[in-house]
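Everything below concerns the one structure shown next.
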Amino acid sequence: MIAEFNEIVLLSLQVTGIALFFSTLIGIPVGVAMGMARFPGRKLVVALLYTGMGFPPVVVGLFVYLLLSRSGPLGSLGLSWMAQLFTPGAMIIAQTVISFPLVAGFTMAAVMGVDPAVRQQVMALGATSRQAALTILSEARIGVIVSIIAGFGGIISEVGAVMLVGGNIEGRTRVLTTAIVLETRKGNFDLALALGGVLLGITFIANLAMLRLQGKSFDR
Amino acid sequence: MTTAATPLNQNIYQVRNLVQTYENRRVLEIEALDILAGEVLALVGPSGAGKSTLLRLLNFLEAPTQGRIIYQGSEFNTSGDMSLEKRRSVTTVFQRPMLLERTVYENVAFGLRLRGQRDSKDRIAAALEEVGLANIARQRARTLSGGEAQRVALARAMVLEPDVLLLDEPTANLDPYNVGLIEAIARRLNQNHGTTLVLVTHNVFQAHRLADRVCFLLEGKLIETGPVQEFFDQPRDPRTHAFVNGEMVY
Ligand SMILES: Nc1ncnc2c1ncn2[C@@H]1O[C@H](COP(=O)(O)OP(=O)(O)OP(=O)(O)O)[C@@H](O)[C@H]1O
Ligand SMILES: [Mg+2]
């Protein structure tokens, strides 16, 4: 019982952690580029990004499901390294897709919020374009951390997509949210509540940790 | 000082047929302007005359629409290209200090870090001492008063030991104490290090105090350039006359 409980918690953290890692890895550079660059078609990309931020996770789950299913475009290729449906890999893909626009979108907003005169001053002090981008990212760090929190919050508590592509298989793809759904349905309210408490706790601790990262810059 | 430093009294900048256009509006149009290495050149002119625009071009921050600037033998033109080394021998202190969300110390160290110079503690300490802020080196820069912030901005530029320091109304809105301090530092940089200064100012007295030569810009055009005394005492152009006598409405 306890072992099973721990397994669920651990898998939740693993899936969400890895998905967040990938979405941050791609999302922050994309957000910075979108926030700083001016190129034709930028408006369209921004609109897509904002749409992605509000995209229903369960629909993302459906797309990933169709992509990976045996008759789908990816599943039919039969690539051995490609994630299979009803595995943690499929859940990671879905969660990455869900959190990416959140991370990129909030990062973009944070970068756009930095006074353009800062970039000019930084260039005047002899920065290369790359150094200027990194400095602006650092100036926008509070917003960037918020983007990671938003990405995390968007997937750790998400249930529809992981249910679809993971299947809530005991011992394999059961995570906190899907377990809560199941235990509630079975009438095991105590267990459901305990799992809910853990989920709340994790969210709280993660947010606290990220707030600390922001350091003193937060209390301006 | 970089190795390519131009000998004193030779042209460090040669501006030729320089045009800057924003949204089809010509805001700057300078046929020729030479700036001597080691001089203090004041740029005066009414609001919107193009003074800040000229400084941005002299710092290679934007490409001109037409024409070129020869800086230490290298051409800066509509392509906007200038070698990093030469770019790094020029810096600007803007009217708004634009400090980074870091400590005072880290702000002053910033330009040196960009250049990969990490062992410059003494230089930073000396600069902080010089602007009278050594005691608040650990304070967050965004919490400083206007005068303190501008002194940090000056220290941040100073530690880079640039060949050229561009000052865009560095003392606007400051109290007499801070104005005096900043002017004294600018003067010392020029006299002790041979730093070429280009100073934009609305303050005729400041131009008088600091400059060797004065340039008068009006509606993007260079109306008159001359040695400071001559410029103020016997302006050749009637518009310059009106400006220095405060008769110009703007
Ligand atoms: N990025 C820009 N886009 C459009 N117009 C601009 C831009 N920068 C400057 N201008 C215009 O160019 C003209 C010259 O501006 P500039 O800032 O160089 O004047 P200035 O002489 O520095 O004035 P001030 O004394 O008020 O600072 C102004 O009319 C201004 O509106
Ligand atoms: Mg100006």
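All heavy atoms count here, side chains included; hydrogens, waters and symmetry mates do not. It should be emphasised that the depicted structure is a prediction, and the values quoted were computed from it without experimental measurement. Below, read A as the first sequence line, B as the second, and so on, with proteins coming before strands; counting in each chain starts at 1.
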Notebook entry, point to check: Which one, B:L100, B:N59, B:T143, B:T92, leads in non-hydrogen pairs under 4.5 Å with chain A?
Noted result: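 Top count of heavy-atom pairs under 4.5 Å with chain A: B:L100.
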
Next item on the list: Could you verify whether a donor N or O on one side chain and an acceptor N or O on the other, from B:Y13 and B:T196, lie under 3.5 Å apart?
Entry: no

Note to self: Ignoring hydrogens and geometry beyond distance, is a side-chain donor-acceptor pair present between B:Q206 and B:E183 at under 3.5 Å?
What the structure shows: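 Their side chains do contain a donor-acceptor pair, which is all the 3.5 Å distance test asks for.
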
Item checked: Approximate separation, where rounding is to 0.5 Å, of A:I149 CD1 and A:N207 CG ->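 Output value for this atom pair is 5.0 Å.
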
Next item on the list: Give, as side chain, backbone, both or neither, the part of A:V114 having an atom under 4.5 angstrom from any heavy atom of chain B.
Entry: neither

Check: Does any heavy atom of chain B fall under 4.5 Å from the side chain of A:T128, the backbone, both, or neither of them?
Finding: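 The answer is both parts of A:T128.
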
Next item on the list: Run the salt-bridge test on B:R96 and B:D168 with the 4.0 Å N-O cut-off and return the result as yes or no.
Entry: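 A salt bridge is absent here (no side-chain N lies under 4.0 Å from a carboxylate O).
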
Next item on the list: Pick one of side chain, backbone, both or neither for B:F60, based on which atoms fall under 4.5 Å of a heavy atom in chain A.
Entry: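 No part of it gets close to chain A.
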
Check: chain A heavy atoms under 4.5 Å from B:R156: which part of the residue, side chain, backbone, both or neither?
Finding: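 Contact with chain A is through both the backbone and side chain of B:R156.
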
Notebook entry, point to check: Is the CZ atom of A:F106 crowded by more than 12 outside heavy atoms at less than 6.0 Å?
Noted result: no

